[in-house]
Each structure stands twice: as C-alpha cells, then as structure tokens.
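Here the structure comes first, spelled out in structure tokens, and everything after it is commentary.
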Amino acid sequence: MSFLLERDTINGASGSAFLTIDGQVQQLFQAKNIKASQNIQSTDMKVIGTKIIQDKSTGTKQTGTMTIYYGSPLFTRMAVEYANTGVMQYFDMQVTNNDPTTTVGQQVVALYGCKISGEIDITKMDADSDMLDQTVNFSYTKAEVLQSFHEPASYGG
C-alpha cells in the first residue's frame, strides 16, 4: 500500500498572494492566512413512486476569508469609500502555493471579481494584543486554476 511522504505536504507559509486593483498589482504581504471556498448549493428533488430523495445541484456561492495584520489602509479605505459614495471597489486576487521542498510543484489560483463583505475593522486598539490583526471576508465571481499541483515524484510503501 502506497502513502504520501511527509516531504510532499505543503508548508502553509510558502507562497504569495497578489491583488490587482484598477490595474495596479499589490502584494498582499500582510496576510496571515487566505482561504477561498465554493459552497455548492443544492435542493431536494422528490419523485412519486420512490422514497429516495435526490439532491440536485443548483448553483455555487463563492466566498473567502483572510486574516491580515492590522495596519494596512487598503480594506479600511474600501469600506469607508463604499459607505460614503455607494461605490464598491472590486479586485482580483492571485494566490500561489509554492513550497520548494516538495516534489508536487506549485499551484496558482486566480479569483476574479472579488469584493469585501461582512464586518471590516475601521479602527482598532487592544492593550492585551502584541500584534493586531483583522479578518476580511470577501466574495468572488470566478475562480481559475492557472497551474495545478502534480503527483509526487515517489510514494512511501
């Protein structure tokens, strides 16, 4: 029986993330973690003559979250601009997992039509915190895998 070798697990801190806003590329250097998900929406389908309830896929909700170190004006500015003008700033994001110690290569995923959602910290202080951070929720309209991981060079066994 084959198994994955520890050397081919991905170090979570190895990689990079970039935002493109109005044609300007900006490294998301203050990020602690980033996660984008697709939640497949579905509805029950019942048919006369059977007790089996089937599940029909009806769409996908595409959302994400990132935790960043507090101190970047980017998302605060977006939230305040939206509150003051009613105009939401959109951006694209490219996330690369690249752990050079593995044999599976790198993965590059692009998220398009991103916008912040939910609660955004406008100001923050905490006497008990050595390093302030904040969570930024976002949604996106399209994901594209630009480069995929590949099979490991070898397996244990």
Side-chain angles (χ1 to χ4, degrees), residues 4-45 55-152:
L4 180 67
L5 297 171
E6 53 75 27
R7 64 178 168 240
D8 285 320
T9 59
I10 308 300
N11 180 311
S14 295
S16 60
F18 293 88
L19 302 181
T20 303
I21 305 168
D22 292 331
Q24 301 294 316
V25 178
Q26 177 176 336
Q27 186 172 6
L28 195 56
F29 62 87
Q30 68 275 34
K32 287 175 59 176
N33 62 57
I34 301 170
K35 177 182 174 185
S37 303
Q38 291 188 332
N39 183 343
I40 306 300
Q41 307 289 304
S42 62
T43 190
D44 288 348
M45 186 192 104
D55 189 61
K56 177 158 178 87
S57 298
T58 58
T60 180
K61 185 174 183 178
Q62 302 177 133
T63 60
T65 185
M66 64 182 111
T67 303
I68 62 172
Y69 288 105
Y70 188 74
S72 168
L74 179 63
F75 300 109
T76 302
R77 196 175 314 131
M78 285 180 184
V80 170
E81 179 181 331
Y82 177 68
N84 291 338
T85 68
V87 176
M88 178 60 73
Q89 179 76 58
Y90 285 80
F91 56 93
D92 298 329
M93 184 184 309
Q94 183 172 306
V95 179
T96 301
N97 295 99
N98 185 15
D99 182 349
T101 66
T102 72
T103 66
V104 298
Q106 68 178 4
Q107 176 172 275
V108 181
V109 175
L111 306 173
Y112 302 104
C114 301
K115 66 178 177 67
I116 58 174
S117 61
E119 187 175 298
I120 299 293
D121 295 331
I122 300 300
T123 189
K124 189 173 192 173
M125 293 183 78
D126 184 348
D128 293 327
S129 181
D130 292 332
M131 290 179 267
L132 292 175
D133 62 17
Q134 73 178 47
T135 299
V136 177
N137 296 308
F138 62 93
S139 62
Y140 59 98
T141 58
K142 180 182 175 186
E144 185 175 6
V145 178
L146 303 177
Q147 184 176 348
S148 295
F149 294 122
H150 50 78
E151 290 294 317

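Because the structure is a prediction, the values reported are computed rather than measured.
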- Item | Partners passing side chain to side chain donor-acceptor pair (under 3.5 Å) against D133 (at least two apart in sequence or in another chain) | K32

- How about F75 and F91: do any of their side-chain heavy atoms sit closer than 4.5 Å? yes

- Message: Between N39 and K61 (side chain of the first, backbone of the second, donor and acceptor by atom type, cut-off under 3.5 Å), is there such a pair?
- Response: no

- Check: D92 side chain, G113 main-chain N or O, donor-acceptor pair, under 3.5 Å: yes

- Item | Student check: side-chain heavy atoms of N98 and S14 closer than 4.5 Å | no

- Taking atom CD of Q41 and atom NZ of K56, what is their separation to the nearest 0.5 Å? 14.5 Å

- Please tell me if the side chains of T60 and Q62 come closer than 4.5 Å, counting only heavy atoms from C-beta onward. yes

- Any chance you could measure M93, atom CE, to Y140, atom OH, to the nearest 0.5 Å? 10.0 Å

- Sidechain-backbone polar pair: T76 side chain, I120 backbone, donor-acceptor under 3.5 Å: no

- Task: May I ask you to test the K115-Y82 pair for a side-chain heavy-atom distance under 4.5 Å?
- Result: no

- For Y70, look at atom OH and say whether over 12 heavy atoms of other residues, nucleotides or ligands are found less than 6.0 Å away. yes

- Item | From S139 atom OG to L111 atom CG, the distance as rounded to the nearest 0.5 Å | 10.5 Å

- Query: Could you state the interatomic distance from CG (L19) to CD (Q94), rounded to the nearest 0.5 Å?
  - Reply: 10.5 Å

- Task: May I ask you to check whether D8 and T102 show a side-chain donor-acceptor distance below 3.5 Å?
- Result: no

- Item | Close side-chain approach of I10 and Q107, heavy atoms under 4.5 Å | no

- Query: Do N137 and T63 come within less than 4.5 Å of each other through their side chains, counting heavy atoms only?
  - Reply: no

- Message: With a sphere of 6.0 Å drawn around CE of M45, does it hold more than 12 non-hydrogen atoms of other residues, nucleotides or ligands?
- Response: yes

